[in-house]
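Take a look at the structure below.
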Amino acid sequence: MTRQTSRNRCWQAAALTLAGATAALVAGAAQAQETFKIGIVSFLSGQAAESFGIPAVNGAKVLVDAFNKGAAPAPYNKPGFGGLKLEAVYVDENGGATKQVQELRNLYQRDNVDAVLGYISSGDCLAVAPIAEELKKMLVLMDCGTPRIFEEGKYNYVFRTAAHATMDNVGLVRYMKAKNIRMDTLSAINQDYAWGQDSRADFVAAAGQLYPNVKLETDLLPKFGAGQYGTEISALVGAGSDVVYSSLWGGDLQAFVLQASPRGLPKKSQLVFSAADHVLPPLGDKMPDGTIIGARGAYGLMSQKSPLNDWLFRGYEAANGVYPVQAAYRATQSILGLKSAVEKAMTKNGGKKPSTDELVAAMTGLEWQSPGGLIQMKLADGHQAIQTIAISRTKYNPDSKRVDLVDIQYFPAECVNPPPGVKSIDWIKGGMQGAKCN
């Protein structure tokens, strides 16, 4: 071999090494800029938007922005999702279940999202869950209260990162019993679809356990979005029951309160609302003092102080000029759960963007801290969350021009949620066996 030939081969080897290093740098840069794309579905229009849908989206935006800047507190201070930049696509939930099924397909197949988070309406959740399972795509339900999702179906790719409505209603009845609220007679008004029907069934069953002599009088199921409740309010005032219970929410609940107060319903009956904190800012002094309400968790003005909760409260209020309510908390805990699952999966797979199946494995049975407390995926084989709930009474504060929540009581997750493998209504009617309330 000549000296020139040897020299040429050395140059060739050096060139190949440089090319390999350049390719590695390019691949590394591409990996560093890789994104995790999420579809976020919430009511952006319609009667559910103002008090629920838009606060949920505003909560999501606070988190997406903070994560991409690496500005969230520990243990969520790693930028993005494990270094993957977040990209969010926002979709309006308004329009009905058939529309949402098509929108879900579009998110997965057209927008190529890695996961979908969202849905407030129980009817929408029941419709989209089988589609995600059919497509083998990750779906994280952030709200929708009906227990039917996992009690009547089994899913591998679907999760719900918040407790279902059984917690709300068992918590309300436990609160009333603890506060010695009289309930010899009961009337109810709930929307005629899965959320309203299931909420009514759970509340009536729980009342029957802790108030065994209670008599159900007027029992009303107006359609979702009815808006006008003159006939129903007349019936409730006429009944004069000790308690009027309702799971109305959003614009329906606002309309009901505004129409019921001038008719004197709050003076005749104790009003008990399972999901009402989100209408307090728009209603202000129109919400009757002493109304017993839940927030579907330990949220908003009923949330407990922690560094994580302080961060959300301050960040949301600064961005939106109003404190966060239940929808913002539920969106937040959903995104925090997904972030935790992504980063858990990346720890196991060597830091790569996880596949859907890796993500499913990481989310199953997961626990994480949220501004509303500890979230535990304990039901439905690790696909359904349980959490603490708070119940309180309303009291308008003329100085702050805000409704305060007073006489707050917290109930542990295993006090108000059924144990694994037991249907909610069966657990309640069986005396809520195994409940851990201390």
Side-chain angles (χ1 to χ4, degrees), residues 38-44 48-64 76 88 90-91 93 115-122 124-125 128 139-147 149 158-168 171 195 199 247 249-250 253 274-281 293-304 308-309 311-313 315-316 320 322-341 363 366 368-377 379 383-390 413 416-417:
I38 52 177
I40 297 177
V41 186
S42 184
F43 285 101
L44 305 179
E50 177 192 11
S51 55
F52 217 104
I54 291 173
V57 166
N58 288 342
K61 288 179 176 179
V62 168
L63 261 69
V64 170
Y76 303 109
Y90 297 94
V91 172
E93 190 178 345
V116 173
L117 284 75
Y119 302 100
I120 293 165
S121 166
S122 291
D124 291 341
C125 282
V128 298
L139 173 61
V140 180
L141 304 174
M142 69 180 181
D143 189 59
C144 58
T146 178
I149 303 292
V158 182
F159 297 83
R160 179 161 47 189
T161 52
H164 55 56
T166 295
M167 173 185 74
D168 311 323
W195 159 259
S199 295
S247 63
W249 60 280
L253 179 55
S274 65
D277 82 309
H278 61 289
V279 300
L280 298 181
I293 72 166
R296 311 217 56 226
Y299 299 149
L301 298 180
M302 288 189 276
S303 59
Q304 295 176 296
L308 192 56
N309 188 38
W311 168 74
L312 173 66
F313 216 95
Y316 186 96
N320 299 287
V322 65
Y323 64 85
V325 292
Q326 61 174 279
Y329 275 80
R330 290 207 152 196
T332 295
Q333 71 192 39
S334 180
I335 296 171
L336 292 176
L338 186 58
K339 177 178 170 69
S340 300
M363 179 69 90
L366 189 65
W368 67 94
Q369 288 293 340
S370 80
L374 179 66
I375 308 301
Q376 301 171 286
M377 303 297 287
L379 304 183
H383 287 247
Q384 168 65 60
I386 63 173
Q387 62 189 98
T388 296
I389 192 170
V416 291
N417 287 279

> Are the side chains of I293 and L280 in touch, meaning some heavy atoms are under 4.5 Å apart?
Replying inline: yes
>> If you apply the rule side-chain contact (heavy atoms from CB on, under 4.5 Å), what do you find for S340 with L366, and how did you get there?
In response: CA-CA 8 Å; S340 300; L366 189 65; 3.9 Å; yes
>> Could you tell me if the side chain of M142 sits less than 4.5 Å from the side chain of V140, heavy atoms only?
In response: no
> Any donor-acceptor pair under 3.5 Å linking the side chain of H383 with the backbone of M377?
Replying inline: no
> Are side-chain heavy atoms of R160 and I149 found at a separation under 4.5 Å?
Replying inline: yes
>> Can you confirm whether L139 sits close enough to V128 that some side-chain heavy atom of one is under 4.5 Å from a side-chain heavy atom of the other?
In response: yes
> How close do A56 and A331 get, heavy atom to heavy atom, and via which atoms?
Replying inline: O-CB, 3.3 Å
>> What's the separation between atom OG1 in T332 and atom OH in Y299, rounded to the nearest 0.5 Å?
In response: 9.5 Å
>> Quick check for you: to the nearest 0.5 Å, what is the distance between Y316 atom OH and W311 atom CH2?
In response: 13.5 Å
> Under 6.0 Å from the six-membered ring centre of Y90 and within 45° of its axis: does the NZ or CZ of K61 meet both?
Replying inline: yes
> Out of curiosity, I389 CD1 to D168 CG, how far, rounded to the nearest 0.5 Å?
Replying inline: 4.5 Å
>> A side-chain contact here means heavy atoms from C-beta on lying under 4.5 Å apart; do F159 and L117 qualify?
In response: no
> Between atom CG of D143 and atom SG of C125, what is the distance when rounded to the nearest 0.5 Å?
Replying inline: 7.5 Å
> Quick one: CG on N417 to CE on M167, what's the gap to the nearest 0.5 Å?
Replying inline: 6.0 Å
> Where is the tightest heavy-atom contact between I120 and G53, given as atom of each residue plus distance?
Replying inline: CD1-CA, 3.7 Å
>> To the nearest 0.5 Å, what is the distance between NE2 on H164 and OG on S122?
In response: 11.0 Å
>> Give me the atom names and distance for the closest heavy-atom approach of A295 to M302.
In response: CB-CE, 3.5 Å
> Got a sec, which residues hit side chain to side chain contact (heavy atoms under 4.5 Å, CB included) with A162, two or more places apart in sequence or on another chain?
Replying inline: R330, Q333, Q387
>> So which atom in H278 and which in S51 form the shortest heavy-atom distance, rounded to 0.1 Å?
In response: CB-O, 3.2 Å
>> Taking S247's backbone N and O only, do any of them form a donor-acceptor pair with W195's side chain (distance below 3.5 Å, no angle check)?
In response: yes
> For L44 and A49, which heavy atoms make the closest approach, and how far apart are they?
Replying inline: C-CB, 3.7 Å
>> Whether the side chain of E93 engages the backbone of S121 through a donor-acceptor N/O pair (distance < 3.5 Å, no angle test) should be reported.
In response: yes
> Is there a side-chain contact between V325 and L301, using heavy atoms and a 4.5 Å cut-off?
Replying inline: no
> Do N309 side-chain atoms and Q304 backbone N/O form a donor-acceptor pair below 3.5 Å?
Replying inline: yes
> Between F43 and W249, what is the ring plane arrangement, given parallel below 30°, perpendicular above 60°, and tilted in between?
Replying inline: tilted
> Does the pair I54 and S42 meet the rule for a side-chain contact (heavy atoms from CB on, under 4.5 Å), with working shown?
Replying inline: CA-CA 7 Å; I54 291 173; S42 184; over 6 Å; no
> Mind checking whether V116 and I38 have side chains closer than 4.5 Å, heavy atoms only?
Replying inline: no
> What are the two closest heavy atoms between F313 and G300, and how far apart are they?
Replying inline: CE1-O, 3.6 Å
>> Between Y329 and L312, does the side-chain contact (heavy atoms from CB on, under 4.5 Å) criterion hold? Intermediate values first, please.
In response: CA-CA 9 Å; Y329 275 80; L312 173 66; 3.9 Å; yes
>> Is there a side-chain contact between L141 and T161 in this structure, where contact means two heavy atoms from C-beta onward sitting under 4.5 Å apart?
In response: no
> I40 and V91: side-chain contact (heavy atoms from CB on, under 4.5 Å), yes or no, with the steps?
Replying inline: CA-CA 6 Å; I40 297 177; V91 172; over 6 Å; no
